[in-house]
Structures are given as C-alpha cells and as structure tokens.
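In each ligand, atom 1 is the first atom listed, and ligand 1 is the first ligand listed. Small disclaimer: the values here were computed from a predicted structure and weren't measured. Numbering starts at 1 and runs along the sequence shown.
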Amino acid sequence: MSLIDLHCHILPGVDDGAADLSTALELAKAAVDQGVGHILLTPHHMDRQYLNHKQELLNKVARFQTCIDEAQIPLTVFCGQEVHINGELIHAIETDDVLFMDEANRYLLLELPHSDIPTYASNLIFELVSRQIIPVIAHPERNVIIQKNPEKLYELVSQGCLTQITAGSYLGIFGQEVERLTGKIIQANLGTVFSSDAHNFQGRRFLMKDAFDKLNQEYPEKTEVFKQNAKDIINGENVGPVNFKQIKEMTKKKFWLF
Ligand SMILES: [Fe+2]
C-alpha cells in the first residue's frame with residue numbers, strides 16, 4: 001500500500017510552501033520517491049497570514065492534479081486546509097468555508113499556535129466534538145506548551161482529538177528534544193498518523209518512507225496502524241479507539257520524565 005500524506009504545502013503559490021508550479025511538480029516527484037501515492041493538500045487557513053478560501057482551493061487543486069497527470073507523476077491529490085485555531089472557526093464551518101480531511105466532513109486538521117494553547121481551545125474543541133467533528137491536532141510535538149508539559153496532549157486526546165505527527169519530527173529535523181518527545185508520544189499511543197508537512201526541499205520535506213522505516217524498527221506493531229489510520233481519516237471512516245487505560249498506566253509511571 002502506498003503512503004497517504006494528510007498534511008502538505010506543495011499546492012503552488014498559495015502559502016509558504018511551493019512558490020510555483022515547476023517547484024510543486026518537483027516536490028510531487030519527491031513525494032512519490034518517498035512512497036507517497038495520495039496527498040491531502042493542506043494550505044494554511046485563518047492563521048492571520050493566509051486566507052485560502054474553500055472554493056478557490058478546490059479549483060486550484062483540480063488544476064494542479066491536471067498538471068500532475070500531464071507530467072505523468074503517479075500521484076493523486078485531494079483538497080484540504082490546515083486550519084489555525086481561531087475564534088471564527090465555527091462561523092467558517094457554518095458558512096461552508098472550511099475544508100475537512102475527508103468528504104464526510106468528520107476530520108479537521110487543526111493547527112495550534114507554535115508557543116501557546118489558547119484558553120478557549122478546550123471550549124472550541126468541545127463545540128467541534130459535539131458537532132461530530134474530530135479535530136486532528138497538527139504536529140503537537142512542535143507546540144512549546146506540550147513540549148514543557150506533555151500531559152496537555154493527553155488532555156486534548158481525552159477531549160476527543162486525534163494527532164498528526166510530522167515525519168521529520170520523528171527523524172530529528174526539529175532537534176533532539178522534539179525527536180525524543182515524538183518517540184514518547186508514539187510510545188504512549190498518543191500518535192495517530194504520520195504526515196510530511198512538506199513545504200520545500202530543505203527543512204520541511206517529505207521523509208515519509210524514512211519515518212516509517214524508523215517506526216518499523218522501533219514500534220513495528222504501529223506501522224500498519226498508522227497507515228490504516230491515515231486511510232480511515234481520508235475516507236471518513238472510524239479510526240480505531242484510543243486506549244485510555246493503557247495511556248493512563250504509562251503516565252502514572254512518570255512516563256514523561258526524560
Ligand atoms: Fe503545515
């Protein structure tokens with residue numbers, strides 16, 4: 001089974017990812033080289049810098065797929081957004097300006113600020129979950145509050161969130177501390193899927209095969225689970241239940257002290 005990437009910024013000219021079509025096509029080839037067959041394109045949305053409205057993105061992604069096909073790159077792309085947490089989110093959902101990770105509008109890729117978890121986050125997540133929307137927290141391992149206090153991630157998962165771990169985090173692209181925390185998150189069963197969050201060829205690149213190779217060495221039992229979870233999310237199917245009992249046991253053992 002080829003890999004499914006659920007977080008990626010290679011749609012050309014829409015955010016801080018690929019600047020133009022030729023770069024985007026080179027990145028698409030790099031994705032295929034990393035074993036990726038399907039990508040959910042997730043331009044930044046509502047993060048105070050980028051507003052990428054739903055209908056515009058749908059048109060751009062359709063055009064990009066045509067270019068991918070013309071270049072004979074064996075890759076299928078879907079249209080999503082990386083939605084920054086914000087007070088207008090419910091309004092944006094109600095006015096149909098949010099793209100989910102699946103066509104059934106069940107899973108939402110939700111980005112937290114880099115250095116904060118807003119005080120309203122808990123209420124907002126409750127509101128989303130009460131609407132049968134499951135937030136998938138983008139790269140929690142890169143959030144400074146979670147880095148200082150990983151139990152915060154347990155709270156988010158307890159509220160009903162899933163998590164998207166960035167492949168490069170697990171490989172040390174963001175430093176040893178993030179790499180170590182990422183491993184702990186996976187070990188604690190608080191990780192749901194790997195995605196690339198690919199932007200370019202330098203720092204934030206695909207690395208999906210490399211991350212799965214490492215996962216297969218360290219936690220072989222999770223390799224198929226991560227792949228299946230990605231498939232279930234993009235298909236709008238149920239993702240396997242979170243084992244809270246097992247997570248609690250681990251946190252009781254002061255699991256996070258490292
Ligand atoms: Fe991203």
Side-chain angles (χ1 to χ4, degrees), residues 3-19 23-24 27-28 30-31 34 36 38-54 56-57 60-61 64 75 77-86 89 92 97-102 107-118 121 134-147 153 156 161-175 178-179 181-182 185 191-208 210-211 226 229-230 233-234:
L3 300 174
I4 300 167
D5 187 1
L6 297 175
H7 181 171
C8 180
H9 298 267
I10 68 164
L11 186 64
V14 297
D15 62 5
D16 57 344
T23 306
L27 284 163
Q34 281 282 314
V36 175
H38 299 81
I39 294 181
L40 182 70
L41 299 166
T42 53
H44 295 288
H45 186 45
M46 303 179 89
D47 68 345
R48 292 193 183 162
Q49 193 171 359
Y50 298 105
L51 267 181
N52 278 301
H53 295 291
K54 177 176 174 177
E56 292 166 17
L57 286 182
K60 286 175 182 172
V61 169
F64 186 41
L75 182 70
V77 291
F78 301 96
C79 192
Q81 288 165 333
E82 179 180 14
V83 182
H84 197 85
I85 193 165
N86 71 88
L89 179 55
D97 197 26
V98 167
L99 281 153
F100 292 78
M101 302 173 84
D102 60 300
Y107 296 100
L108 179 73
L109 184 63
L110 187 65
E111 182 188 41
L112 299 172
H114 181 66
S115 55
D116 187 25
I117 299 178
I134 299 170
V136 178
I137 304 295
H139 41 65
E141 74 279 2
R142 297 185 52 209
N143 175 274
V144 171
I145 302 294
I146 291 171
Q147 288 167 358
L153 182 58
L156 293 168
C161 296
L162 300 176
T163 65
Q164 172 265 303
I165 305 297
T166 292
S169 299
Y170 188 41
L171 297 167
I173 295 298
F174 303 102
V178 173
E179 181 182 1
L181 175 61
T182 305
I185 288 170
T192 310
V193 289
F194 275 146
S195 298
S196 73
D197 194 12
H199 283 64
N200 50 45
F201 288 105
Q202 290 83 39
R204 289 181 286 177
R205 52 197 198 276
F206 279 98
L207 301 173
M208 289 286 280
D210 300 343
F226 270 36
N229 286 346
I233 287 173
I234 204 157

Which atom of His9 approaches the Fe ion (ligand 1) most closely (N/O/S) = NE2

CD/Gln164 to OG1/Thr166 distance, rounded to the nearest 0.5 angstrom?
-> 4.0 Å

Degrees at the Fe ion (ligand 1) between the NE2 atom of His7 and the OE1 atom of Glu82, nearest 10° = 90°

Going from NE2 on His9 to CZ on Arg204, what distance comes out if it is rounded to the nearest 0.5 angstrom?
-> 7.0 Å

Less than 4.5 Å apart, any side-chain heavy atom of Val136 and any of Thr192?
-> no

Any idea how Phe194 and Phe226 line up, ring-wise: parallel (<30°), tilted (30 to 60°), or perpendicular (>60°)?
-> perpendicular

The atom name of the N, O or S atom in Asp197 nearest to the Fe ion (ligand 1) is OD1

